[in-house]
Amino acid sequence: MPRSRPSFLLGPCTALLFALAVAGGSAAESHSITGPNGQKVELEVHEPPAFDPEREYSVLVGPGDYYWQGEPSQPGWITVTSHAFFEGRGDETAVLDWLRKTYKVRQGGFHITGWSANSAAIFKVAMDHPEQFLSVTGVAGMPGRGSEDRLERLRGVRVQFIVGERDTYWREGSERWHRLLEEKGVQSSLEIVPDGEHVMPEIADGPFFERLNRLVAAIEAQRD
């Protein structure tokens with residue numbers, strides 16, 4: 001079945017970016033937890049095949065799931081989708097605390113990803129809680145305006161930008177933020193996908209997790 005066009009291209013309302021429905025019929029569990037303000041926080045969790053509660057898993061969180069919606073439970077990964085990583089109410093801490101209590105988190109830190117308009121939110125979350133994260137991945141994504149003075153907070157967190165060659169605005173922005181991060185002493189990488197556009201179905205699912213797995217391997221090698 002062809003991959004559906006992501007909702008963030010359908011209109012100016014960025015809330016459309018974060019539909020929690022997952023394509024492909026993969027098993028998922030929906031959870032509702034209480035945030036610090038007493039409001040309910042919804043999240044959708046995909047466990048990997050043959051999940052073993054005694055095993056450590058890499059955990060990927062984000063406000064939407066376009067780049068992993070076809071294969072959300074890759075071996076070795078738990079994926080978590082929640083509006084908490086976009087809305088900025090502080091609910092993300094409740095989600096991360098719940099995940100730590102529920103799962104054994106590999107290397108003790110999370111990975112977070114976002115794209116297009118929602119990427120500013122995930123960079124903010126990572127800068128607000130750098131001790132929680134091992135990596136941040138912006139897929140045609142970058143920090144929000146006014147973030148320059150906070151980039152140092154990402155020292156110790158690996159950042160990667162993935163952007164299409166033909167996506168001029170986001171490519172130039174990713175190149176700029178990549179340079180700024182390196183100037184601030186943050187480990188950052190930039191991949192420009194040949195002939196890629198703003199939405200890159202060619203890197204979704206398997207290729208996306210291949211990139212994440214390489215990043216995890218680099219983090220582990222650096223720690224050894």
Side-chain angles (χ1 to χ4, degrees), residues 8 14 17 58-64 66-68 77 79-80 84-88 90 92-93 96 105-194 196-200 203-204 207-224:
F8 60 78
T14 55
L17 282 161
S58 295
V59 181
L60 176 67
V61 302
Y66 174 72
Y67 283 98
W68 71 78
W77 286 87
T79 61
V80 183
F85 299 107
F86 172 70
E87 293 176 340
E92 67 275 7
T93 57
L96 298 176
V105 181
R106 185 173 175 177
Q107 296 187 339
F110 299 99
H111 304 266
I112 190 168
T113 189
W115 45 89
S116 194
N118 73 24
S119 61
I122 62 106
F123 274 98
K124 180 181 183 302
V125 168
M127 287 186 284
D128 285 347
H129 313 285
E131 72 286 351
Q132 295 269 24
F133 294 97
L134 298 175
S135 77
V136 184
T137 299
V139 187
M142 47 192 170
R145 293 185 180 91
S147 298
E148 289 90 341
D149 293 338
R150 305 185 71 219
L151 295 179
E152 302 92 346
R153 293 182 60 81
L154 293 176
R155 290 174 182 166
V157 179
R158 295 288 288 260
V159 176
Q160 67 173 349
F161 296 96
I162 306 171
V163 65
E165 180 183 25
R166 297 172 61 187
D167 189 12
T168 304
Y169 171 80
W170 291 90
R171 175 175 52 78
E172 292 176 350
S174 295
E175 290 170 338
R176 173 179 175 269
W177 284 102
H178 168 62
R179 289 193 300 270
L180 286 173
L181 283 162
E182 290 194 319
E183 290 171 5
K184 298 287 188 177
V186 179
Q187 288 187 286
S188 174
S189 64
L190 170 66
E191 177 187 357
I192 299 175
V193 177
E197 298 185 349
H198 186 60
V199 181
M200 295 177 287
I203 71 162
F208 182 64
F209 281 97
E210 289 171 9
R211 287 163 168 81
L212 290 177
N213 286 331
R214 288 196 295 268
L215 187 63
V216 169
I219 293 170
E220 289 183 337
Q222 190 173 36
R223 291 188 167 193
D224 289 343

- Query: Are any non-hydrogen side-chain atoms of Tyr66 and Ser116 less than 4.5 angstrom apart?
  - Reply: no
- Identify the two heavy atoms, one from Ala84 and one from Glu92, that lie closest to each other, and give their separation to 0.1 Å. O-OE1, 3.7 Å
- Message: Would you say that Phe208 contacts Leu60 through its side chain, given a criterion of any heavy-atom pair below 4.5 Å between the two side chains?
- Response: yes
- Phe133 vs Leu96 side-chain heavy atoms within contact, under 4.5 Å: yes
- Task: Taking only Lys NZ, Arg NE, NH1 and NH2, and the carboxylate oxygens of Asp or Glu, determine whether Glu148 and Arg176 approach each other closer than 4.0 Å.
- Result: yes
- Message: Pairing donors with acceptors under 3.5 angstrom, does anything connect the side chains of Gln187 and Gln222?
- Response: yes
- Item | side-chain contact (heavy atoms from CB on, under 4.5 Å), paired with Val157, selected from Leu181, Ile219, Ile112, Val136 | Val136
- Message: Donor-acceptor pair, distance only, cut-off 3.5 Å: does the side chain of Thr113 make one with the backbone of Thr137?
- Response: yes
- Query: At what distance, to the nearest 0.5 angstrom, does OG of Ser58 lie from CD of Glu220?
  - Reply: 7.0 Å
- Item | Pairwise distance OG1(Thr168) to CD(Glu197) - rounded to 0.5 angstrom | 10.5 Å
- Check Phe123 against Gly138 and note the closest heavy-atom contact, atom names and distance. CE1-CA, 4.4 Å
- Going by atom types alone, do Glu191 and Gln160 pair a side-chain donor with an acceptor below 3.5 Å? no
- Quick one: CZ on Arg155 to CZ on Arg153, what's the gap to the nearest 0.5 Å? 12.0 Å
- Within-4.5 Å side-chain heavy-atom neighbours: Glu210 and Ile203: no
- Should the pair Glu175-Arg171 be classified as a salt bridge under the 4.0 Å nitrogen-to-oxygen rule? yes
- What do the steps show when you test Trp68 against Leu212 for side chain to side chain contact (heavy atoms under 4.5 Å, CB included), and what is the final call? CA-CA 11 Å; Trp68 71 78; Leu212 290 177; over 6 Å; no
- Task: For Leu134 and Gln107, work out which heavy atoms get closest and say how close.
- Result: CD1-OE1, 3.2 Å
- Run the side chain to side chain contact (heavy atoms under 4.5 Å, CB included) check on Met127 and Leu154 step by step: do they pass? CA-CA 6 Å; Met127 287 186 284; Leu154 293 176; 3.7 Å; yes
- Roughly how far apart are Arg166 CZ and Met200 CE, rounded to 0.5 Å? 12.5 Å
- Message: If you compare all heavy atoms of Ala218 against all heavy atoms of Arg158, which two are closest, and at what distance to 0.1 Å?
- Response: CB-NH2, 3.8 Å
- Message: Can you confirm if the aromatic rings of Trp115 and Tyr67 lie within a centre distance of less than 6.0 Å?
- Response: yes
- Message: Less than 4.5 Å apart, side chain to side chain, heavy atoms only: is that true for Glu183 and Leu180?
- Response: yes
- To the nearest 0.5 Å, atom CD1 of Ile162 lies from atom CD1 of Ile192 at 12.0 Å
- Taking every non-hydrogen atom, the tightest pair across Gly62 and Phe85: O-CD1, 3.8 Å
- Query: When rounded to the nearest 0.5 angstrom, what is the spacing between CH2 in Trp177 and CD in Glu182?
  - Reply: 14.5 Å
- Only one of Val163, Asp167, Val139 clears side-chain contact (heavy atoms from CB on, under 4.5 Å) with His198; which? Asp167
- Non-hydrogen atoms of Ser174 and Gly141 that approach each other most closely: OG-O, 3.6 Å
